[in-house]
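So the structure is just underneath, and the comments pick up after that.
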Amino acid sequence: MLPSLPDIMLEPLVRAGLLEDLGRGGDLTTNAVIGPEDKLRVVMRSREDGVLAGLDLARLSFHLIDPSLSFQRLKKEGEALAAGDVVAVVEGSARAILTGERVGLNFLSHLSGIATATATIVRSMAGTKARLCCTRKTMPGLRAIQKYAVRAGGGVSHRMGLDDAILIKDNHIALVGSVQEAVARARAAAGHMVKIEVEVDTPEQLRALLAGEKVDAVLLDNMSLADLRTCVDMIDGRLLVEASGGITPQTAPAIAQTGVDLLSVGWLTHSVKALDFGLDFEKIL
């Protein structure tokens with residue numbers, strides 16, 4: 001089961017979302033229309049098939065408004081959903097529920113959309129050794145939870161940031177002058193726990209890389225299926241092999257079948273479609 005991120009990581013994001021929504025005057029509509037003693041029960045319901053992620057952020061969106069609200073989780077993170085499934089039941093102050101609703105649904109819909117898209121591609125690669133990973137193409141401030149949603153969908157994470165691995169890309173090589181010199185400098189600077197990966201665009205560039213100092217992984221960028229297979233054969237298991245560049249749900253299965261270890265996809269976190277959820281009235285308490 002996917003471990004949840006601790007509330008201490010999630011609360012600042014939810015708090016910022018609520019403060020943005022409340023603005024300077026609070027929830028004018030709810031405070032004008034709904035009485036302070038009114039109580040109700042609502043359900044959070046999926047409107048379409050998908051995979052759940054982000055329910056803890058939804059919970060916090062209610063509890064930061066009113067800690068006394070009851071929030072009953074009915075589904076687990078990473079669990080498959082069918083249209084109509086209820087994922088949580090919320091009871092208590094009607095004002096608090098209606099005020100916290102939108103921020104909670106926004107987080108839940110966005111992260112479940114990421115988990116759903118991830119799971120779709122992961123299923124399409126079944127029978128291969130390839131894993132699906134996300135990149136640093138995340139929305140500012142949301143990286144931890146977006147990468148968490150990828151894990152909920154069955155994917156894995158690439159670098160969390162610039163500080164946990166070395167990835168030598170084409171611009172680094174162009175400025176240094178050669179891939180061998182770039183790798184040598186990286187190896188001299190890297191600690192013993194830091195892995196080094198190099199991006200190449202052609203089999204010829206890979207050949208030059210393999211002739212030099214050892215690295216841990218290679219990123220094959222925007223290559224044809226034929227070139228991917230050629231490079232996998234050249235590497236022959238000596239390095240971790242990642243394929244990247246314009247990968248879609250339609251192209252992912254064939255890329256996975258070339259023998260690469262990883263497919264990295266940026267749109268999983270920067271432009272994925274949200275999964276539709278709603279907050280449905282159940283009854284007045």
Side-chain angles (χ1 to χ4, degrees), residues 2-47 50-78 81 86-116 138-152 160 269-285:
L2 178 72
S4 297
L5 294 176
D7 282 0
I8 195 171
M9 293 176 65
L10 305 180
E11 184 172 307
L13 300 176
V14 179
R15 186 180 296 275
L18 289 170
L19 289 172
E20 177 182 56
D21 214 20
L22 290 165
R24 296 168 296 175
D27 186 348
L28 298 181
T29 307
T30 298
N31 290 340
V33 174
I34 305 300
E37 304 303 321
D38 291 344
K39 298 184 184 300
L40 80 160
R41 176 188 298 157
V42 296
V43 297
M44 303 187 79
R45 191 188 308 272
S46 176
R47 303 277 194 243
V51 174
L52 180 67
L55 200 54
D56 284 318
L57 289 107
R59 168 179 55 82
L60 285 169
S61 74
F62 294 112
H63 283 165
L64 286 175
I65 297 295
D66 183 351
S68 71
L69 290 176
S70 168
F71 186 93
Q72 181 185 6
R73 174 193 291 270
L74 299 181
K75 297 289 185 179
K76 298 177 182 178
E77 298 289 279
L81 301 176
V86 174
V87 300
V89 179
V90 190
E91 295 184 2
S93 164
R95 281 185 172 181
I97 290 172
L98 296 178
T99 296
E101 167 189 359
R102 176 43 52 201
V103 170
L105 287 175
N106 285 350
F107 278 119
L108 184 62
S109 295
H110 177 59
L111 297 186
S112 294
I114 292 173
T116 300
T138 54
M139 297 304 294
L142 300 183
R143 180 169 296 174
I145 60 172
Q146 289 184 318
K147 284 180 172 284
Y148 163 82
V150 169
R151 296 195 298 276
M160 283 298 295
T269 48
H270 69 63
S271 59
V272 77
K273 177 183 177 294
L275 193 71
D276 190 16
F277 285 87
L279 195 74
D280 294 338
F281 174 85
E282 281 253 299
K283 68 176 182 178
I284 296 172
L285 301 177

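Quick note: numbers below take in every heavy atom, side chains included, and nothing from hydrogens, waters or symmetry partners.
- Here the straight-line distance linking atom CZ of Phe107 with atom CG of Leu142 works out to 6.5 Å at 0.5 Å rounding.
- With sequence neighbours left out, the side-chain hydrogen bond (donor to acceptor under 3.5 Å, both in side chains) criterion links Ser271 to no other residue.
- The shortest non-hydrogen separation linking Leu275 to Ser46 is CD2-OG, 4.3 Å.
- Remark: Met160 engages Arg143, Lys147, Ser157, Asp164 in a side chain to side chain contact (heavy atoms under 4.5 Å, CB included) (not counting sequence neighbours).
- Across Leu111 and Ile145, no two heavy atoms sit closer than the pair CD2-O, 3.6 Å.
- For Ser4, the side-chain hydrogen bond (donor to acceptor under 3.5 Å, both in side chains) test picks out Asp56, with sequence neighbours left out.
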Could you list the donor-acceptor pairs under 3.5 angstrom formed between side-chain atoms of residues 5-22 and any protein atom two or more places apart in sequence or on another chain?
{"unit_1": "Asp7", "atom_1": "OD1", "unit_2": "Arg59", "atom_2": "NH2", "d": "2.8"}
{"unit_1": "Asp7", "atom_1": "OD2", "unit_2": "Arg59", "atom_2": "NH1", "d": "3.2"}
{"unit_1": "Asp7", "atom_1": "OD2", "unit_2": "Arg59", "atom_2": "NH2", "d": "3.3"}
{"unit_1": "Glu11", "atom_1": "OE2", "unit_2": "Arg15", "atom_2": "NH2", "d": "2.7"}

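- Residue pairs satisfying the salt bridge (charged side-chain N to carboxylate O under 4.0 Å, His left out) criterion with at least one member in residues 274-285, sequence neighbours excluded, are listed as follows: Arg45-Asp280, Arg47-Asp280.
- Of the possible donor and acceptor atoms, none in the side chain of Thr30 sits under 3.5 Å from a partner among the backbone N and O of Arg95.
- Screening residues 102-116 for salt bridge (charged side-chain N to carboxylate O under 4.0 Å, His left out) gives no qualifying pairs among residues at least two apart or on separate chains.
- A search for side-chain hydrogen bond (donor to acceptor under 3.5 Å, both in side chains) contacts involving Ser93 returns nothing, not counting sequence neighbours.
- Listed for the Glu77 side chain is a donor-acceptor partner under 3.5 Å among the backbone atoms of Gly54.
- For Lys75, the side chain to side chain contact (heavy atoms under 4.5 Å, CB included) partners are Leu52, Glu79, Leu81, Asp85, Val87, not counting sequence neighbours.
- The heavy-atom pair separating Leu69 from Ala96 by the smallest distance is CD1-CB, 3.9 Å.
- Between Arg73 atom CZ and Met44 atom CE the span is 10.5 Å, to the nearest 0.5 Å.
- Of all the heavy atoms in Phe62 and Leu279, the pair that sits closest is CZ-CD1, 4.3 Å.
- One distance of note links CD1 of Ile114 with OG of Ser109; it measures 11.5 Å at 0.5 Å rounding.
- The distance from atom CG of Leu98 to atom CG of Leu40, rounded to the nearest 0.5 Å, is 6.0 Å.
- The two atoms that bring Asp66 and Ser68 nearest to each other are OD1-OG, 2.6 Å, heavy atoms only.
- Applying the side-chain hydrogen bond (donor to acceptor under 3.5 Å, both in side chains) criterion to Thr116, with sequence neighbours excluded, gives no partner residue.
- Note that NE2 of His110 and CD of Gln146 are 4.0 Å apart. Values are rounded to the nearest 0.5 Å.
- When all heavy atoms of Ala88 and Leu55 are compared, the pair lying nearest together is CB-CD1, 4.2 Å.
- Applying the salt bridge (charged side-chain N to carboxylate O under 4.0 Å, His left out) test to residues at least two apart or on different chains, the pairs with a partner in residues 32-41 are Arg41-Glu91.
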